[in-house]
Amino acid sequence: MMSLHQRFNKALLLTVTLTMLALAPACSSPQMDPTKKTIPTNSDQWQKKLGSTLEQLPESDQQLLSRYMLRMKLSEAYESGAMPRTTIKQALIQQREYERLHPNNPTGKKSPITTNQQTTTVQYPVALLPVKSSDSDSLNQVKLQFMLSNHGKVAIQSFKGTLTMQDTTLKQAKSFNVPLTQFDPPIRPEQSGKIIIESSIEDINVMRAIKNTKDMTIQIEEGTLVLEDGQKIEFGQSLVK
């Protein structure tokens, strides 16, 4: 016959065994897929809420997600309650597609040199030198000389793009295509360089305007400036690409 002490030990052992059996399914169940976790709409909570989850991802996905969050932060897309929650899986898919379309700018970081057309116009203004011609000159082919000024901090090495001429005497702007022009020597800061092109001009009003440039403005409508240190400045439609 078992003593009171033996019966107590047996009951305790049974209790422990049942407890372990009850816990066993929970311990053996797979962990939640970290990619199903949602990204908080408040970017200030990212580090606190996603720190441990980020560590569960492969190294490549960690870096991809970090670039996604940096891109969202730079674009101010994520603010408290600003947009619906996105899962980590969705964020990784979006970032892969973004980097496929923008391989040279994975975080969407804006150029430190220029952020909009107005800034570039101020830093790199263009002017047209008055065209001197006689009445006997043909209107079909005219040599135009533009002066590109550099108010930036790095020398300009080359330019290619489209210049647009506006004048109070013209009903619509006139555009000129500029082939790749290498500046030798490069245009140093606070200096100017010439862009020379041949253009066919049959409109008499345009010809009158380029002979008297007093009320004329020239803008870089679209194109690329390459600086001496290798940086590229995009204008117009190129900013959207």
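- Counting only N and O atoms by type, the side chains of T87 and T38 include no donor and acceptor under 3.5 Å apart.
- For the pair R96 and D61, the salt-bridge criterion is met [side-chain N within less than 4.0 Å of a carboxylate O].
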*Derivation and outcome, side chain to side chain donor-acceptor pair (under 3.5 Å), residues Q90 and Q94*: CA-CA 6 Å; Q90 292 171 330; Q94 291 176 23; 5.5 Å; no
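- The hydrophobic cluster containing I93 does not contain L57, counting ILVMFWY residues as joined when their side-chain heavy atoms lie under 4.5 angstrom apart, directly or transitively.
- L144 is connected to L163 through a chain of hydrophobic side-chain contacts under 4.5 Å among Ile, Leu, Val, Met, Phe, Trp and Tyr, so both are in one cluster.
- Applying the salt bridge (Lys or Arg N to Asp or Glu O under 4.0 Å) test to residues at least two apart or on different chains, the pairs with a partner in residues 180-193 are R188-E228.
- Pairs passing the ring pair (Phe, Tyr, Trp, His ring centres under 6.0 Å) check and including a residue from residues 187-227, sequence neighbours excluded, do not occur.
- Rounded to the nearest 0.5 angstrom, L225 CG and I233 CD1 are separated by 5.5 Å.
- The CD atom of Q123 sits 9.5 Å away from the CD1 atom of I156 when rounded to the nearest 0.5 Å.
- F159 places none of its side-chain heavy atoms less than 4.5 Å from the side chain of T224.
- Counting heavy atoms from C-beta outward, I196 and F146 have side chains that stay 4.5 Å or more apart.
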N/O donor-acceptor pairs under 3.5 Å from side chains in residues 176-183, not counting sequence neighbours:
from : atom 1 : to   : atom 2 : distance (Å)
N177 : OD1    : T162 : OG1    : 3.2
T181 : OG1    : P179 : O      : 3.0

